[in-house]
**Student:** 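There's a structure below that I have some questions on.
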There are 2 protein chains.
Amino acid sequence: MLPTPNPRVIYAKVPGPGPLVAGEHLVYESAPTIDLDAPLRGGFLTKTLLLSPEPFMRERLRDPSIFTYSTPMVVGQPCRRRLRAGASPSFGEGGRQSQRLYVLYGFTPWEHYSVQPYVDARFDFASANYPSYTFDMDSMLLRPVPDPHGAFPWSRFASVLGMPGLTAFVGLESVAPDMKAYVFSGASGVGSMVVQSCKAKGLRVIASGSADSKVDFIRSLGADVAFNYKTTILASVLAEHGPLDYYWDNACGAISEYNAPAEDCYGVKTLALVFKRRLRIQGFLVSDGMSALLPRFLAEVPVLLAQGKLKSEEQLFVGLEKGIEAFLSLYDGTSKGKPVVVVDEAYA
Amino acid sequence: MLPTPNPRVIYAKVPGPGPLVAGEHLVYESAPTIDLDAPLRGGFLTKTLLLSPEPFMRERLRDPSIFTYSTPMVVGQPCRRRLRAGASPSFGEGGRQSQRLYVLYGFTPWEHYSVQPYVDARFDFASANYPSYTFDMDSMLLRPVPDPHGAFPWSRFASVLGMPGLTAFVGLESVAPDMKAYVFSGASGVGSMVVQSCKAKGLRVIASGSADSKVDFIRSLGADVAFNYKTTILASVLAEHGPLDYYWDNACGAISEYNAPAEDCYGVKTLALVFKRRLRIQGFLVSDGMSALLPRFLAEVPVLLAQGKLKSEEQLFVGLEKGIEAFLSLYDGTSKGKPVVVVDEAYA
């Protein structure tokens with residue numbers, strides 16, 4: 001068979017703490033090809049359908065000598081991120097004899113076709129050399145997900161049913177609010193799920209956004225109080241509608257400081273309030289709760305989605321060549337809803 | 001009967017955020033007298049035996065319009081702090097007919113004799129006008145404590161058996177460490193109790209102090225690793241002996257910023273580590289756990305003390321006229337062990 005084009009997005013250069021630059025740190029390559037008939041040697045072939053650019057990936061694009069919660073990505077290899085859904089045109093031991101197709105969910109390289117497991121983009125992680133808090137991001141397996149049969153678009157696997165929804169799900173499990181919650185970025189991928197989950201639990205919900213259109217969206221999610229934190233004095237709103245028993249912080253999305261050295265980060269001067277007000281602050285990473293909670297999440301949330309009980313705003317970027325633009329939209333404030341890269345239009 | 005001298009320490013003036021000044025904010029008055037035969041009108045007379053100056057009291061010496069976790073003290077009235085032990089020369093409905101003596105434990109004015117309940121120094125607290133996080137410090141009752149019969153000095157009620165010991169007890173109940181703990185100020189009143197309690201639970205304990213003599217004391221408490229954080233690089237010690245599963249912060253004693261406006265406080269720039277390392281930060285106030293835990297504390301800890309299983313360093317200040325000096329020693333770094341003001345030498 002003739003070589004098939006296999007464009008990809010390469011992680012070309014370790015960035016500094018400043019913004020990522022398309023064409024420098026992340027490079028789109030249209031030239032690579034793949035022979036779809038080459039022997040799979042026990043592997044299986046996947047076709048990329050949808051990709052989900054996510055804020056946490058910025059942390060992985062770093063100097064590998066810096067230890068943090070995630071393992072780094074490998075320079076010179078395709079970006080490796082959560083693939084929301086990948087069809088496998090051939091699957092199983094028997095190679096192409098078995099033409100059963102599965103739609104898979106997990107991490108995959110940013111390219112049209114891959115032979116899985118894709119080990120070249122895997123960071124060589126020897127846990128003994130790393131602090132106990134480091135999680136091997138490449139250890140996540142691709143797993144099959146059921147066909148929604150039109151009840152909701154496949155792209156939901158890259159938003160509500162992807163990392164943003166799962167983050168809300170895991171976070172709300174780790175500290176359960178019981179009366180009144182405030183969600184700072186209530187229109188974000190994660191925040192909008194938190195708002196809806198809290199309302200489903202019967203809580204009173206206050207949420208804010210950075211634009212009036214976002215406030216409208218938050219209101220449509222059922223929040224009892226919604227306001228624009230850029231045009232309203234946040235402290236007054238909370239004083240009027242408080243006290244709170246739960247605050248969902250957007251540290252989950254504190255993207256602007258993800259790769260900044262500590263001395264350049266904002267200094268929080270009110271930590272004494274932790275004891276003065278008997279606060280509990282709970283940090284979590286979605287990866288920690290994933291193995292325990294993903295099965296419950298995938299059993300419960302698609303049903304709510306099919307019943308129309310969960311709203312989600314997505315911004316589709318069609319074509320892998322739009323992948324870098326989609327990713328950078330997370331940082332420059334231009335994103336409108338959760339960005340989703342549609343690699344195969346049949347799955348938009 | 002002739003009037004009996006009744007010296008006292010008056011809270012004379014609301015201080016600014018700077019240091020307290022003896023003779024200005026706190027004034028010792030030797031002139032007042034009391035008629036010990038005057039009718040008690042249903043109250044009871046107490047003689048002050050021991051007083052415990054405590055860091056948290058600094059917060060109460062403030063402009064009453066500032067809302068925080070504690071109710072303020074009343075200007076022009078005696079300082080009102082935890083009295084560790086007060087003998088009641090007459091007690092009960094029958095006035096002086098019943099001469100049974102009790103040693104009491106709780107809050108009392110800083111003066112030689114008081115008629116209880118002492119309402120003049122009570123802050124007029126209407127909870128409806130205050131945030132839900134404000135605790136009425138004057139609501140604590142005086143309660144009888146048993147005579148140790150020489151098994152340990154009475155002054156222990158103002159140190160190990162007082163607020164410092166209780167703080168460690170309540171704090172360790174709120175988040176129980178299970179493997180390795182680091183105690184920043186391991187020689188302090190609270191810290192030394194935390195070190196010993198953690199060792200009693202079988203944990204590995206790392207603790208630091210600000211002087212070599214404190215490090216020796218910490219080692220004598222059983223800490224596995226003890227170091228001087230002024231002459232050793234803290235991060236290296238923790239890197240060598242970590243990872244930790246518990247850190248007892250000295251926010252409990254972050255005295256220098258107690259009354260500073262937020263803009264003058266130290267800005268913590270590493271808050272993102274809360275999620276990157278899945279940390280849980282738990283604030284607590286000893287007053288919250290007091291009603292539930294004080295009976296257990298008073299049942300368990302005196303026994304350990306009588307068995308010689310708890311060490312405590314106290315610095316005795318003999319005479320109420322030394323009370324202000326004792327209190328200020330908490331702030332100027334001169335304290336050697338937990339300061340205790342001995343008002344009646346028979347109870348030192």
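Note that these values count all heavy atoms, side chains included, but never hydrogens, waters or copies made by symmetry. By convention in this document, chain letters (A, B, ...) are assigned in the order of the sequence lines, proteins followed by strands, and residues within each chain are numbered from 1.
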**Student:** Go through the structure and list residues passing side chain to side chain donor-acceptor pair (under 3.5 Å) with A:Tyr247, not counting sequence neighbours.
**Tutor:**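 Side chain to side chain donor-acceptor pair (under 3.5 Å) check on A:Tyr247 returns A:Asp249.
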**Student:** With respect to chain A, which residue among B:Thr68, B:Leu279, B:Val274 yields the maximal number of heavy-atom pairs within a distance under 4.5 Å?
**Tutor:**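 Highest number of pairs under 4.5 Å: B:Leu279.
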**Student:** Let's test your reading of the structure: which of A:Val175, A:Leu271, A:Thr270, A:Thr134 forms the most heavy-atom pairs below 4.5 Å with chain B?
**Tutor:**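 When all of A:Val175, A:Leu271, A:Thr270, A:Thr134 are compared, A:Leu271 has the most.
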**Student:** Kindly check if the number of other-residue, nucleotide or ligand heavy atoms within 6.0 Å of CG (A:Asp178) is above 12?
**Tutor:**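 Check passes, neighbour count above 12.
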**Student:** Indicate the atoms forming the closest heavy-atom contact of B:Arg280 with A:Gln282, along with that distance.
**Tutor:**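 That would be CD-OE1, 3.4 Å.
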**Student:** Supply the atom-to-atom distance B:Ser174 OG to A:Arg278 CZ, rounded to the nearest 0.5 angstrom.
**Tutor:**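 Reported to 0.5 Å precision, the distance equals 12.5 Å.
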**Student:** Within a 6.0 Å radius of atom CG on B:Asp124, are there more than 12 heavy atoms belonging to other residues, nucleotides or ligands?
**Tutor:**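 12 or below, so no.
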**Student:** Rounded to the nearest 0.5 Å, how far does CZ of B:Phe275 lie from CD1 of A:Ile281?
**Tutor:**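 The CZ atom of B:Phe275 is 13.5 Å from CD1 of A:Ile281, to the nearest 0.5 Å.
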